[in-house]
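Reading through the structure tokens given below for one structure.
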Amino acid sequence: MPELPDLQAFSYNLDKKLAGKTVKQAAVINAKKLNVSHQELQDTLEGQKLDKVYREGKELYLKFSKGDVLGLHLMLHGKLFLFEGKNEHKYPIIELHFTDGNGLVLTDFQGIANPTLNPEEKESPDALSQDAGVDYLTQRLQKTKTNIKTVLLDQKIIRGIGNAYADEILWHAGISPFSISNKLPGDKIKDLVKSIHIVLTEAEKAILKSNPDIINGEIRDFMYIHNSKKTHSPKGEEIKVKEGTRKTYYTEEQELYT
DNA sequence: GCCCGTGTTTAGGA
DNA sequence: TTCCTAAACACGGG
């Protein structure tokens with residue numbers, strides 16, 4: 001159940017461990033939504049060198065020497081493991097075997113994590129890109145009167161933010177998650193953009209500091225608001241929870257614009 | 001042993 | 001048209 005900062009940490013470590021290795025075999029075991037046939041994936045990747053691993057939105061991208069890209073979306077429960085020789089991890093989705101005997105496997109007990117060969121370029125900006133700045137969000141927020149948390153979670157508007165970090169970001173920016181998007185004043189949109197960057201990059205640092213080699217799982221214990229173990233914000237305000245399809249954690253410190 | 005939690009897609013209602 | 005809600009996926013971690 002990793003979110004953007006977790007994925008960022010995974011990509012950092014996977015790049016460190018796997019870049020430069022050559023693919024011997026790409027074995028698809030259970031990928032119902034893969035956009036090409038198993039054979040085409042194998043034929044495309046076999047013999048290519050892995051140039052780099054990076055994150056795009058909520059996906060990890062593996063870029064290969066001929067320019068092909070393998071996108072991996074972990075969805076709710078996808079997990080990555082490195083192995084030597086034969087993969088022994090349960091619920092494999094896809095395995096990459098390298099010529100040096102090492103391998104990478106994506107697993108998911110739910111079977112919904114999915115790989116994509118050469119994913120289409122997305123129109124919406126990544127949460128950490130320059131394009132997701134004040135100008136962009138200002139004009140984009142004008143167009144919607146749904147609540148601001150829903151907008152942050154909408155991957156067609158801004159990519160990479162999930163339920164837990166949406167709450168952390170909005171608390172950091174002092175904006176109620178129930179604020180109406182087109183009612184946010186200009187200076188609050190500036191605060192929001194700053195908070196998106198600060199919360200996400202600080203989280204990545206915290207994760208890598210406590211788990212330097214992490215490539216799966218999630219670290220959430222440092223979260224201030226979206227954290228079932230905490231009852232009060234750092235400033236002492238009570239944390240409230242709104243139940244929904246996903247939970248929203250917030251405090252009265254956050255201003256409501258309607 | 002029990003409950004919580006994460007993303008996306010799809011369906012249905014207001 | 002737009003927005004909201006719920007359900008489904010099916011276990012692992014605490």
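Just so we're on the same page: letters track the sequence lines, and every chain starts at 1. Since the model is a prediction, treat every value here as computed from it, not as a measurement.
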Using residues 12-20 of chain A as the side-chain source, report each donor-acceptor pair under 3.5 Å to any protein atom, sequence neighbours left out, with the distance given to one decimal.
unit_1 : atom_1 : unit_2 : atom_2 : d
A:N13  : ND2    : A:P212 : O      : 3.0
A:N13  : ND2    : A:I214 : O      : 2.9
A:D15  : OD1    : A:V53  : N      : 2.9

With heavy atoms under 4.0 Å as the rule, sort A:Y249 into base, sugar-phosphate or nothing. sugar-phosphate

What integer distance in Å separates A:L153:CG from B:dT8:P? 9 Å

Tell me, with the steps shown, if A:S37 and A:Q39 meet side chain to side chain donor-acceptor pair (under 3.5 Å). CA-CA 5 Å; A:S37 70; A:Q39 192 61 47; over 6 Å; no

Can you identify which nucleotide, out of B:dT8, C:dG14, C:dC11, has its nearest atom closest to the A:M75 side chain? B:dT8

Using the 3.5 Å cut-off, write out each protein N or O paired with an N or O of nucleotides 2-7 of chain C and the distance between them.
unit_1 : atom_1 : unit_2 : atom_2 : d
C:dC3  : OP1    : A:T144 : OG1    : 3.4
C:dC4  : OP1    : A:T146 : OG1    : 3.1
C:dC4  : OP2    : A:T146 : OG1    : 2.2

Residues forming a salt bridge (Lys or Arg N to Asp or Glu O under 4.0 Å) with A:D43, sequence neighbours excluded: none

For A:K122 and B:dT8, what is the distance between atoms NZ and P respectively, to the nearest whole Å? 10 Å

Atom NZ of A:K229 and atom P of C:dG13 are separated, to the nearest Å, by 14 Å

Contacts to DNA chain C from residues 104-116 of chain A, heavy-atom cutoff under 4.0 Å, which residues? A:F109, A:Q110, A:I112

For residues 203-211 of chain A, which side-chain donor-acceptor pairs fall under 3.5 Å, sequence neighbours excluded?
unit_1 : atom_1 : unit_2 : atom_2 : d
A:K205 : NZ     : A:E202 : OE2    : 3.4
A:S210 : OG     : A:A206 : O      : 3.1
A:S210 : OG     : A:I207 : O      : 3.4

Give the rounded distance in Å between these two atoms: CD1 of A:I219 and C1' of B:dG5. 15 Å

Please state whether the phosphate of C:dA10, meaning OP1 or OP2, lies under 4.0 angstrom from any side-chain nitrogen or oxygen of A:Y91. no

With sequence neighbours excluded, tell me which residues meet salt bridge (Lys or Arg N to Asp or Glu O under 4.0 Å) with A:D126. A:R55

For A:K21, is the NZ atom crowded, meaning more than 12 foreign heavy atoms sit under 6.0 Å from it? yes

Ignoring hydrogens and geometry, is there a side-chain-to-backbone donor-acceptor pair from A:E56 to A:Y61 under 3.5 Å? no

Ignoring the backbone of A:H73, work out which of C:dG12, B:dT8, B:dG5 is nearest its side chain. B:dT8

Both A:K156 and A:K247 contact DNA chain B. Which one's nearest nucleotide lies toward the 5' end? A:K247

Once you round it to whole Å, what is the distance between C1' of B:dT8 and CD1 of A:I161? 17 Å

Whole-Å gap separating P (C:dC9) and NZ (A:K33): 15 Å

Can you tell me the distance, in whole Å, between the NZ atom of A:K32 and the C1' atom of B:dT10? 17 Å

Can you tell me the distance, in whole Å, between the CD atom of A:E243 and the P atom of B:dC3? 14 Å

Using a 4.0 Å heavy-atom cut-off across all strands, classify A:K79 as base, sugar-phosphate, or nothing. sugar-phosphate

Rounding to the closest angstrom, what is the interatomic distance between C:dA7 and B:dG5 at atom C1'? 16 Å

Check side-chain contact (heavy atoms from CB on, under 4.5 Å) between A:K143 and all other residues, then give those that pass, not counting sequence neighbours. A:Q139, A:R140

According to side chain to side chain donor-acceptor pair (under 3.5 Å), who are the partners of A:T248, at least two apart in sequence or on a separate chain? A:K149

Under 4.5 Å side-chain heavy-atom separation, chaining through any Ile, Leu, Val, Met, Phe, Trp or Tyr, what else clusters with A:I225? Say none if it is isolated. A:W171, A:Y224, A:I239, A:V241, A:Y249

B:dC4 versus C:dA6 - spacing of their P atoms, nearest Å: 16 Å

Using side chain to side chain donor-acceptor pair (under 3.5 Å) as the criterion, list what pairs up with A:S11, not counting sequence neighbours. none

Pairing of DNA chain C as dot-bracket, 5' to 3': ( ) intra-strand, [ ] crossing, | other strand, . unpaired, with Watson-Crick or G-U pairs under 3.5 Å? .||||||||.||||

Ring pair (Phe, Tyr, Trp, His ring centres under 6.0 Å) pairs, two or more places apart, involving residues 83-106 of chain A: A:F81-A:H89, A:F83-A:H97

